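Scope of the values below: all heavy atoms of this structure, side chains included, with no hydrogens, waters or symmetry mates. Small disclaimer: the values here were computed from a predicted structure and weren't measured.
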Amino acid sequence: MRAALWLVALFGVAVAVALFAGNNQGLITVFWPPYRVDLSLNLVVLLLLAAFVLIHAALRALAALFDLPRQAKRWRMQQKERTMHAALMDALSYLLAGRFIRARKSAQAALSQEKALSASGVKLVNAVQLRALSHLVAAESAQALQDKAGRDEHLRQALEDPSQRHTALGQETREGAQLRAARWALDDRDAAAALAWLDELPQGVARRTLALRVKLKAARLARRTVDALETARLLAKHRAFPGDAAQSIVRGLATELINGAYDTAQLLRVWNSLENGERVTPELAIGAAQRMAALQGDAHIARAWLLPVWERMVAPHSDPSAGLGDYQSIKLVRALELGLESLDAPWLARIEAAQQRNPRDARLQYLAGMACMKRQLWGKAQLLLAQAVMGLQDAGLHRNAWCALAQLAEQRGDDAAAAQAWKRAAQL
């Protein structure tokens, strides 16, 4: 459509010129004494157009001639700028390839070119980022070469440029340099320095996945388990770990906090700091109850922690994975056994009801028998423990059951049965 319009316009111009020039009888007379020159109007128009074109071409040629020095200078600056960018690209390529000496030399070459351009008055748009990246590449190479002095010097120069704070891209580059500094401190096993670098980051940057990963490693290295646990929870919310790895890490850190409690008050603070989903985790609940028993704390509190795990163990499940495994069930039985001395009536009723619902479960028979023994129900304890020793698979519980049977036999004066029970316990 546009081409058709141009064609119509061209035809219109051609018709107008033909109408003007075809029947134009005008003359222009030039008097130059003693001469007289008569020229047609059409010729004068053509001469004026030709003169305009010639003068315009001459002026353009003169302008290009006088502009040659500036163009030559610009060309030289462009060549230097291209060389500078090529040096930076070479430095990055060498760094990725593991050729750290060449990477540092190329980064220093890029810095030299940028300095020369700045000295000549050339203001590059990305000069701040280019300098910072060149220094970071040189610092990364120095870190790989174990040149800590060179690394720190390049890092200082990358961070001291005040113009970085005035642009968004410059600020991002500065934050990247601080993150790299934290990673380097972590590589040096200097957890305090790594955490100090992370503390200098803005709040939004500090919550990024990369920063949280570094903080988690630094906090674990510094034995700051509380901070490590909080960081692991944030990483779990960001889905930074594959599969069940996040739960495993959080569970491990929480277990470390529980095992590190030096008294019952601290243990209670640790337990209250856990999230609701963490408190019903069998490993944490059982570990907290065992730690409470080791600290000679209140067994009623420990049993309250174990109640959700107990209900999960004894409740019927259509899905086998919804219950507890054999290892966790045995640990739960052992944790409950630690507080049988102060077992109250509701818990005794729970244990007996669970054993009656599952009469063939040797672990429940063992736990119920030990509970009856602590309550001095000798006959019932004898019956339950005698049934339990026939089905217990765990060596520790099996040995304890035979020891309890030996004690019951001694209590009723059956020395032969007691000796036999002690012998069976010693063989396990």
Side-chain angles (χ1 to χ4, degrees), residues 2-3 5-6 9-10 46-145 147 150-181 205:
R2 183 178 297 180
L5 291 176
W6 274 106
L10 184 61
L46 291 176
L47 290 175
L48 288 176
L49 289 174
F52 174 78
V53 171
L54 182 62
I55 292 173
H56 178 72
L59 290 176
R60 291 289 300 273
L62 287 174
L65 179 64
F66 290 130
D67 196 48
L68 281 178
R70 189 183 66 83
Q71 292 288 345
K73 182 179 179 181
R74 179 183 177 186
W75 181 83
R76 289 193 297 270
M77 294 299 103
Q78 287 180 343
Q79 290 299 111
K80 291 182 179 180
E81 185 176 352
R82 290 170 183 170
T83 302
M84 175 187 62
H85 284 95
L88 180 57
M89 296 298 292
D90 290 342
L92 291 172
S93 299
Y94 287 135
L95 181 64
L96 293 175
R99 310 190 73 172
F100 303 113
I101 296 178
R102 292 192 178 188
R104 182 164 60 177
K105 289 182 178 179
S106 297
Q108 290 173 344
L111 289 170
S112 300
Q113 289 289 344
E114 193 278 332
K115 185 177 181 180
L117 287 172
S118 298
S120 61
V122 179
K123 302 297 183 183
L124 299 176
V125 177
N126 59 345
V128 176
Q129 290 76 29
L130 191 141
R131 285 196 301 270
L133 288 176
S134 299
H135 281 300
L136 286 178
V137 171
E140 187 72 41
S141 302
Q143 169 69 12
L145 296 171
D147 183 7
R151 179 201 66 189
D152 294 340
E153 177 62 22
H154 282 291
L155 178 62
R156 182 188 62 80
Q157 294 182 25
L159 293 174
E160 71 178 1
D161 194 341
S163 57
Q164 288 181 348
R165 302 181 182 273
H166 303 310
T167 61
L169 189 57
Q171 183 64 25
E172 292 287 342
T173 306
R174 181 180 181 85
E175 292 165 359
Q178 291 173 327
L179 283 173
R180 292 307 304 170
V205 181

- Residue of the set Glu153, His154, Gln108, Arg156 for which side chain to side chain donor-acceptor pair (under 3.5 Å) holds with His135: His154

- Query: Taking side chain as C-beta onward, heavy atoms only, is Leu145 less than 4.5 Å from Arg151?
  - Reply: no

- Distance col, row Gln113:CD vs Ser134:OG, nearest 0.5 angstrom, shows 11.0 Å

- Message: What's the separation between atom OG1 in Thr173 and atom CZ in Arg131, rounded to the nearest 0.5 Å?
- Response: 11.0 Å

- Item | Distance-minimising heavy-atom pair for Gln178 and Leu159 | CG-CD2, 4.2 Å

Could you pull out all donor-acceptor pairs under 3.5 Å where a side-chain atom in residues 87-107 meets a protein atom, sequence neighbours excluded?
residue, atom, partner, partner atom, Å
Ser93, OG, Met89, O, 3.0
Arg104, NH1, Asp147, OD2, 3.0
Ser106, OG, Arg102, O, 3.0

- Query: What distance do Leu54 atom CG and Leu59 atom CG have between them, rounded to the nearest 0.5 Å?
  - Reply: 9.5 Å

- Query: Between Thr83 and Gln79, is any side-chain donor less than 3.5 angstrom from a side-chain acceptor?
  - Reply: no

- Message: Let me confirm one number: the CE-CG distance from Met84 to Leu117, rounded to the nearest 0.5 Å.
- Response: 5.5 Å

Show me the donor-acceptor pairs, under 3.5 Å and distance only, between side chains in residues 62-78 and residues at least two apart or in other chains.
residue, atom, partner, partner atom, Å
Asp67, OD1, Arg70, NE, 2.6
Asp67, OD1, Arg70, NH2, 3.2
Asp67, OD2, Arg70, NH2, 2.9
Asp67, OD2, Gln71, NE2, 2.8

- Identify the two heavy atoms, one from Glu114 and one from Ala127, that lie closest to each other, and give their separation to 0.1 Å. OE2-CB, 3.8 Å

